[in-house]
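Labels below follow one simple rule: chain letters A, B, ... track the order of the sequence lines, proteins then strands, and each chain is numbered from 1.
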Amino acid sequence: MPEIFIDNVRYEFEGKPLVLQFMLDQGLDPPFFCYHPSLSIPANCRQCYVEAGTPVMNRETNEWELDEKGERVIRFFPKLMTSCSLEASDGMVIKTQRTSELVERAQKDTLEFILVNHPLDCPICDQAGECPLQIQTYKYGPEGSRFEHKKVHKPKRIKLGPKVILDAERCINCTRCVRFTEEISKTEQLTIISRGDKNYPAVAPGTEFDDPYSLNTVDICPVGALTSSDFRFKARVWEMNQTPGVDVTNGKGCNIDVWTRDNLVMRITPRFNPAVNDHWMPDFGRDDITRLNENRISKPQVKLDGDSIKSSWSNAEMSMAEKLQEVKPEEILVIGSAFSSVEDNFVLNKHFSALGAKEAVFSPFIKEGSGDGFLIEDDQYPNTNGCRLLGLKELSPSELEASIKESGVKLVISLEDDLVGRGAVSAAAFEGKFFVYMGSNHNETSAAADLVIPISNSVEQSCSFVNTGGRIQRTVAAKETMYTNRKLNLEMSMGRLDRYGTKFDNWVSDRNRIDCMPAWEFLERLATLSDQQFGYQTTRDIIAEIASVNEKFSGVNYDRIDDELGVPLISNEQEAKSV
Amino acid sequence: MAVDWRNFEPLLIPKIPNLHKIEVFEKHDGYKQLAKVLKEYTPEKVVDEVKAANIRGRGGAGFNAGLKWSFMPKPDGKPRYIAANGDESEPGTFKDRQIFEYNPHLFIEGATIAGFAMHIDAVYVYIRGEYKAWIDMMQKAIDDAYAKGYLGKNIMGSGYDMDMYVHSGAGAYICGEESSLMESLEGKRGYPRVKPPFPAQKGLWGRPTTINNIETLANVPLVIKNGADWYKAIGAESHPGPVLYGISGHVNKPGVYEYPTGMSINDLIYEVCGGMRGGKKVKAVIPGGSSTPPLRGDALEGVCMDADSLRTAGSMMGTAGMIIMDEDTDMVDVLWRISHFYHHESCGQCTPCRDGTGFLEKTLIKIRDGHGEMRDLDLLLDLCTQMEGRTICALADAAAWPVRYTVTRFREDFEKRVKNTVYALA
Ligand SMILES: Cc1cc2nc3c(=O)[nH]c(=O)nc-3n(C[C@H](O)[C@H](O)[C@H](O)COP(=O)(O)O)c2cc1C
Ligand code: SF4
Ligand code: SF4
Ligand code: FES
C-alpha cells in the first residue's frame, strides 16, 4: 500500500487523498480556513502550508534513489505547498508546523496578515469560542501586531437576506459562503464583490439571500462575519450545551445539534451525517426552536363547562381511567402520529391493544411537490416510515375524519399531531366524543380536546424516528422537564452553567422546565391503576422490546444507532416510500 | 556581446505606410506564411520550428512559446482554445497597442498559424477595456481577415476552421494573469486558478488552452518565413528575436522602439531615446514593467536587455516596458506609487497578497509622509518575505519584488526620509 511520512511518522493511504484531509482523518490538527470537505478547493487562505517532498526515482532501475546512508533521496518542492490542494503520492514526505520552522513561520505570517484588517471584536462577536480564527491565532498566531495603520473599513450589519447578517469587516474572504451557494444549494445568490482588501460577499443589487439553506453559510463561515439574525447576541457558545438530535420538521430527518442554555433551545445546527444530510440542513428546521420553547403545554388540562383549566396529573389520570371504564374497548379510536417517535407510537398501540381496543391508526402529512430533491422532502413529518414499520393502520385524512365521526366511537385518543391545524380533520369531527390529546404544544387540536396531556417533545427525551430513506435515527434529551435531571440522566450533556449555575444566577430559571412527561411514561402511570404496566424504565427498554417483537427493527438499539449514525431499516429508497 | 542594432530593420512593425490595411499587408507578403503552413506543414512541424526558434514569451515570464504549445494534449475532437493576451496592464507597458494599431494582421496570421499547430477551434483576443480605440481597430482587422477567408471556415481552402473573437476586459490588472483571464472570458470573477491543473490540461471551459502574449504570437510568421536559425541569430543568443521596447520616463524621446533583444540599456537610453532629459544622470531603470526589480543608474554598464544579462544584474526582462528615472527622482515616491498600484489590483483571494499589499502601501505612506522609522524598512523587507512565493498567482511576487529591491538598492533615499529611532547607548 502506498505510504506517506508526516512529521516522520509513517502512514498508509489508499486512493489519492488530499494531504490536508488525510491529516484530518488521522486525527492531526492542521490549521486551515478555506478548505471544506464538501466544497471545491480554492486554496486561498494560505494557512494550511506544509513542506512537501517526493522521493527521487532512478529512471533506469525504476527504484528509489538512495543516499550514502541508504536513505531515500527526497526532492522537496521549492515553495511551501498548501496541503488542501496537494494530492498524496507514494513515498511523499510532509513536514508540518510541528517539524518545520519555515511552515511554523509561514502560518504565523498568514495569521498576521489576516488580523491586519480584522476588527478583533471577539468580546462582542457571536463566533467567539467556536471561531477557527480565534483558536488558530492562539495556537499558531503572532504574539502582537506590527500593523500601526488604519484598518480597512467595510460595511457592518448588512442584512443579506431574511436570516443572514454580514459584518464585512470580519470576513476573511475564504469564499466558503459563495461556494456553498454555487455548489450545494445552487442558488448562486452570493458572490465576492470589489477587489483586494476591500472585497466582501454580497448579493446582486435588488435581490436578497433568501436561499432556503442560507443559514448553512453561517455555520461554515470560519469567523463571525455571517451571523444568524435569530441567534445574534443571544448566547455565548460556552454557555450552551450541545446535544445530538434529529430534525423533526421534515421527513428527511437531518441530523442536528441542539444547543440549549438553561433548558431553552437557543439554536439548532446541522450535525454531519454523510448518509443523510452531509453537513447541511434547511433553514426552516432551525426555526423549530420556537416550537420547542414557546407555547408549550405545561400541566394537564381538562375541559370544564367549555373552559380549559389546568389540572393535576393525578386528576388527569383519574379522569382518563374513568373514561376508559365507561366505554367499551371497541368504542375507542387510537390515533398514532407520524410526528411522534417510534417508542411513543409503539407503547400507545400496545397499551390500548392490551385493553382490547382496535389497532392504532395514523394519517401521514405529505405535501406533494414541496420537496426539492435535496434535503427537503414532501413528507412533513419525521416518522411516517416508523409508523408504517410498526404496523399502524395508514388512513387518508378523509378516512381518518370518517372513523372519528363513526357513531360507535366514543373515546378518541390522539398522539401529538395537529390534525385540525394541518387541515386533516375538522374540529367539529370531535363533537360528541371524549377527546384526549397528548401533545407538547397548544394548537387547534389541543383546543378541541376534553383532556390534554402535556408530553415531552423530541429534545426532552431520547427517542427515535425513521426517516423517508428508511433510516432509524435518534435524539438525546437536551432539555430538562420538571421530572428529568441532568445530573441523574448520564446521557444528558452538562454545560458550565448546569454545573455551576445557582438559583441566584441571572440565567437560571426553573420556568423553562416544562411540566410534562413522555407519552409512554404517562401511559405506564395510567397502567398502574389497572396493574397493566409493561415495566419500561427508559426508551432503551422500549426499543429493545420493539427489536425483539418486530423483525423490521431487529438488531436495532441505541448504541448501534449512535455508532453508525443511524441504522437503515429499509434498504432501497423506493421501497422506503411505498412501505 | 554587442548586438548590431544600428542596421536592424523593424520586423514586427516595419515602416510601411498603411500596413494595418489588409490589402497593404497582403502586398507585403502578408498571410503568405499562413498559406505556406496550411499547404506544406504538419502541425507538429510548426510546433518544432517555433520551439527551435526559442521565441520567449513577451508577456512577462519569458517561456519558450513552442515548448508551451507542445504541452497541449492530443486532439480528441472537442474544442481547444488560444487566449491571446492583450491585457497589457503592467505599469510601464504599452507595446501590444502598437501591434493592434500598426500591424494587426501580423498578429492574426501568427495566431492562426499557432491555431493550426495546436488544432485550435477558436482564438480569444483579450484586450484591456481601456483600449477601446484599439479594440475597434483589432475588430476591423479581424472582420477583414474573415472577409478574405483567412479566418472562419475552411481557411484558404485548407479544410482548417478557426474563429477569432475580441473580448474586452473591464479594467482589472489581474485579468492579465493567464488563469484569471480565462475566468474572465468565461464571464466569472477574475480570480486566478490554482495550478495544477495547467491551462493545457484544463483551460477555458475546462478544455485545453494555450495563453500567449500578443507580441509573442506576432513573432510566429517571422519564424515561419525565414526559419528558426535565422530567427535565433537576431539579438541575444538565449533570448532571441526582435522585441518592442516600450520606453518611458525622463528620456528625451520616449516611445516604443523595435530592436533586437540583448541591447545595452545605455544604448537604449543614449542612442535610441536621445539621452536623458536636461542631461541629468540616470538614477534608476525599471527594465520590464513595474514588477521587475529596479536597477541603479550607476550599475548599468554592460547590462543588456535579455533574460541572462538582466538576471545577472538582478532583474528581469518582463515585458521590456522600461521606465527610466533621473537623479531628481524620489524613490520613496516611486515605490509608494508602485505599491499603490498592486494594492489596488490584488484580486483579494490569497491572504498574503490581499492584506500584504495594503500593509506595504500603508507603511510606505507612513515613510513618504515623514513619519517612518528605521524599523519600518526592516518591516518592509519582512513583509516581502511573507508574501513571496506564497500565493496562487505571481501578483504577490510582483508586488513584493519592487519593494524588496527598491528598499535595498536605494536605501539611502529611504534612510533620509525616516526618523532615526536607533540610538547608540551612551
Ligand atoms: C499579475 C499578472 C498580470 C499579468 N498581466 C499580463 C498582461 O497584461 N499581458 C500579458 O501578456 N501577460 C500578462 N501576464 C503573464 C501571463 O500570465 C502569461 O504568462 C502570459 O500571457 C503568457 O504569454 P507569453 O508566454 O506569450 O508571454 C501577467 C501575469 C501576472 C502574474
Ligand atoms: S463571509 Fe465568512 S464564509 Fe463568507 S467569505 Fe467571508 S469569512 Fe468566508
Ligand atoms: S496572489 Fe494576489 S492577485 Fe494573485 S490570486 Fe492571490 S490574491 Fe489574487
Ligand atoms: S485551507 Fe486555505 S489554502 Fe489550504
Side-chain angles (χ1 to χ4, degrees), chain A residues 32-34 40-49 77-82 84-87 102-103 105-118 133 142 145-152 171-175 178-179 182 188 190-201, chain B residues 170-175 180 188-197 340-366 369 371-373 375-376 378-380 382-397 399:
Chain A
F32 68 96
F33 295 111
C34 68
S40 62
I41 296 166
N44 62 26
C45 73
R46 318 307 285 179
Q47 183 65 39
C48 65
Y49 290 127
F77 287 97
K79 292 180 183 175
L80 293 175
M81 303 298 279
T82 46
C84 63
S85 60
L86 179 66
E87 248 176 36
L102 192 60
V103 174
R105 168 81 210 264
Q107 291 176 348
K108 199 172 278 196
D109 293 346
T110 297
L111 281 164
E112 177 178 28
F113 280 139
I114 291 181
L115 296 175
V116 154
N117 284 312
H118 193 78
L133 179 58
S145 174
R146 297 180 291 177
F147 187 77
E148 302 170 343
H149 315 280
K150 200 169 163 197
K151 289 179 191 261
V152 177
C171 170
I172 63 167
N173 285 294
C174 70
T175 68
V178 176
R179 284 176 282 142
E182 283 170 358
E188 315 214 323
L190 294 182
T191 185
I192 302 277
I193 58 161
S194 200
R195 270 200 306 254
D197 54 17
K198 289 197 261 335
N199 65 10
Y200 59 88
Chain B
Y173 166 64
I174 192 57
C175 290
S180 73
K188 302 188 188 137
R189 210 180 135 72
Y191 268 171
R193 297 178 183 172
V194 181
K195 284 147 264 186
H340 175 68
F341 175 80
Y342 290 106
H343 178 200
H344 190 257
E345 296 298 335
S346 161
C347 84
Q349 264 196 105
C350 317
T351 304
C353 176
R354 177 183 64 240
D355 291 310
T357 49
F359 203 161
L360 287 177
E361 189 196 352
K362 287 172 183 174
T363 308
L364 283 162
I365 289 176
K366 181 181 171 198
D369 293 349
H371 309 302
E373 294 167 59
R375 64 189 164 96
D376 288 327
D378 294 334
L379 175 63
L380 285 174
D382 236 21
L383 295 178
C384 293
T385 310
Q386 292 177 210
M387 294 167 69
E388 286 159 356
R390 294 201 186 159
T391 50
I392 294 174
C393 86
L395 190 140
D397 301 314

Should A/N199 and B/Q349 count as side-chain neighbours, where that means a heavy-atom distance under 4.5 Å?
no
Contact class of B/E388 relative to chain A, heavy atoms under 4.5 angstrom:
neither
Identified side-chain contact (heavy atoms from CB on, under 4.5 Å) counterpart of B/D355 within the set A/N173, A/N117, A/V152
A/N117
Heavy-atom distance under 4.5 Å to chain A: side chain of B/C347, backbone, both or neither?
backbone
In Å and rounded to the nearest 0.5 Å, what is the CD to NE2 distance from B/E361 to A/H149?
10.5 Å
When you compare the side chain of B/L383 with that of A/F113, does any pair of heavy atoms fall below 4.5 Å?
yes
Proximal component of A/Y49, with respect to chain B [non-hydrogen, under 4.5 Å]:
side chain
Between A/R195 and B/H344, is there a donor-acceptor pair closer than 3.5 Å when you use the side chain of the first and the backbone of the second?
yes
Measuring from A/S85:OG to B/K195:NZ, what's the distance to the nearest 0.5 Å?
12.0 Å
Side chain, backbone, both or neither: which part of A/K108 has a heavy atom under 4.5 Å from chain B?
neither
If we ignore hydrogens and angles and just use 3.5 Å, is the side chain of B/R189 paired with the main-chain N or O of A/S194 as donor and acceptor?
yes
Chain B contact via A/Q47 - which portion, at a heavy-atom distance below 4.5 Å:
neither
Would you check if the side chain of B/T351 reaches a backbone N or O of A/C45 as a donor-acceptor pair within less than 3.5 Å?
yes
Region of B/R390 that comes under 4.5 Å of a non-hydrogen atom in chain A
both
With a 4.5 Å heavy-atom cut-off, do A/E148 and B/K366 have their side chains touching?
yes
Among A/L115, A/I114, A/T110, A/T191, which has the most heavy-atom pairs under 4.5 Å with chain B?
A/I114
Counting heavy-atom pairs closer than 4.5 Å to chain B, which one of A/L80, A/I172, A/T175 comes out on top?
A/I172
Tell me, out of B/S346, B/P192, B/P196, who's got the most heavy-atom pairs with chain A below 4.5 Å.
B/S346
Non-hydrogen atoms of chain A under 4.5 Å away: do they reach the side chain of B/T385, the backbone, both or neither?
neither
Drop me the distance from A/I192's CD1 to B/Y191's OH, to the nearest 0.5 angstrom.
4.5 Å
Testing the basics here: between A/R146 and B/F359, what is the closest heavy-atom pair and its distance to 0.1 Å?
O-CZ, 3.6 Å
Side-chain contact, heavy-atom cut-off 4.5 Å: B/Q386 with A/R105?
yes
